[in-house]
Amino acid sequence: GAVVSQHPSRVICKSGTSVKIECRSLDFQATTMFWYRQFPKKSLMLMATSNEGSKATYEQGVEKDKFLINHASLTLSTLTVTSAHPEDSSFYICSAREGRGVSNQPQHFGDGTRLSIL
Amino acid sequence: EDQVTQSPEALRLQEGESSSLNCSYTVSGLRGLFWYRQDPGKGPEFLFTLYSAGEEKEKERLKATLTKKESFLHITAPKPEDSATYLCAVLYGGATNKLIFGTGTLLAVQP
């Protein structure tokens, strides 16, 4: 149980392109999803918390106009990197969690998206 | 400052050589400590949740324990397929769902 699917797994595109990444919870309803960024040999850095039916909450220093998050259903959240530049190249990982509001339930992660901007 | 520290950064074991990984934390109001395994190029895979000091969880060759200051992940008779980065993460405080991750321990088990 608790499977999270993330697509695509890898994207290579030119500078200025917008890229959309999908995160789906396959066997549970996820009222809350999270988007992380991971640099090589570093731990996960939370970018934003995505709440179904409401606006995402962004961490300090994360540009909300650059990283657009939509959580339109209980099983799908999307992250769009708008007008991507080489410095946006990274490993992006989503996670999903059961339970509404503040919860102690574990987060379950997708397999990540390797984004490379040329 | 709220912090999660993992040690060692890297650990090389021979197959069958048991050892422990450490996750120490300095946060107030711990609500949960989570262990994950991450393979290269993949997302973290959930292993255990520990909620209170004294709690223990086991799964195959892995056993996680929790005190008021730290958690240990004990690996008994590891196999090469146990090679991965092991991450711990802490959920703490009041009205927040934010996890703080440690930087991980890279475990290599040689046959």
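Below, each value reflects all heavy atoms present in this structure, side chains not excepted, and no hydrogens, waters or symmetry copies. Proteins get letters first, then strands, A, B, ... in listed order; numbering begins at 1 in each.
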Taking side chain as everything from C-beta outward and backbone as N, CA, C, O, which of these in B:Phe46 sits under 4.5 Å from a heavy atom of chain A? Side chain, backbone, both or neither. side chain

What part of B:Gln38 gets within 4.5 angstrom of chain A, counting heavy atoms only: side chain, backbone, both, or neither? side chain

Assess the side chains of A:Gln6 and A:Thr113: does a donor N or O sit below 3.5 Å from an acceptor N or O? yes

Does any backbone or side-chain atom of A:Gln107 lie under 4.5 Å from a heavy atom of chain B? Answer side chain, backbone, both or neither. both

Can you confirm whether the side chains of A:Thr75 and A:Arg24 place a donor and an acceptor under 3.5 Å from each other? no

For chain B, the option from A:Cys94, A:Pro106, A:Gly110, A:Ala2 that forms the most heavy-atom pairs under 4.5 Å: A:Pro106

Ring centers of A:Phe109, B:Tyr36 separated by less than 6.0 Å: yes

Scored by heavy-atom pairs under 4.5 Å with chain A, the best of B:Leu106, B:Leu99, B:Asp39 is B:Leu99

Between B:Glu70 and B:Asn22, do the side chains contain an N or O donor and an N or O acceptor separated by less than 3.5 Å? yes

Heaviest contributor of heavy-atom pairs below 4.5 Å to chain B, chosen from A:Leu44, A:Thr57, A:Leu46, is A:Leu44

Answer yes or no: is there a side-chain heavy-atom contact under 4.5 Å between B:Leu33 and B:Thr49? no

Check whether the side chains of A:Ser50 and A:Trp35 place a donor and an acceptor atom closer than 3.5 Å, and report yes or no. no

A:Arg97, part contacting chain B, at a heavy-atom distance under 4.5 Å: side chain

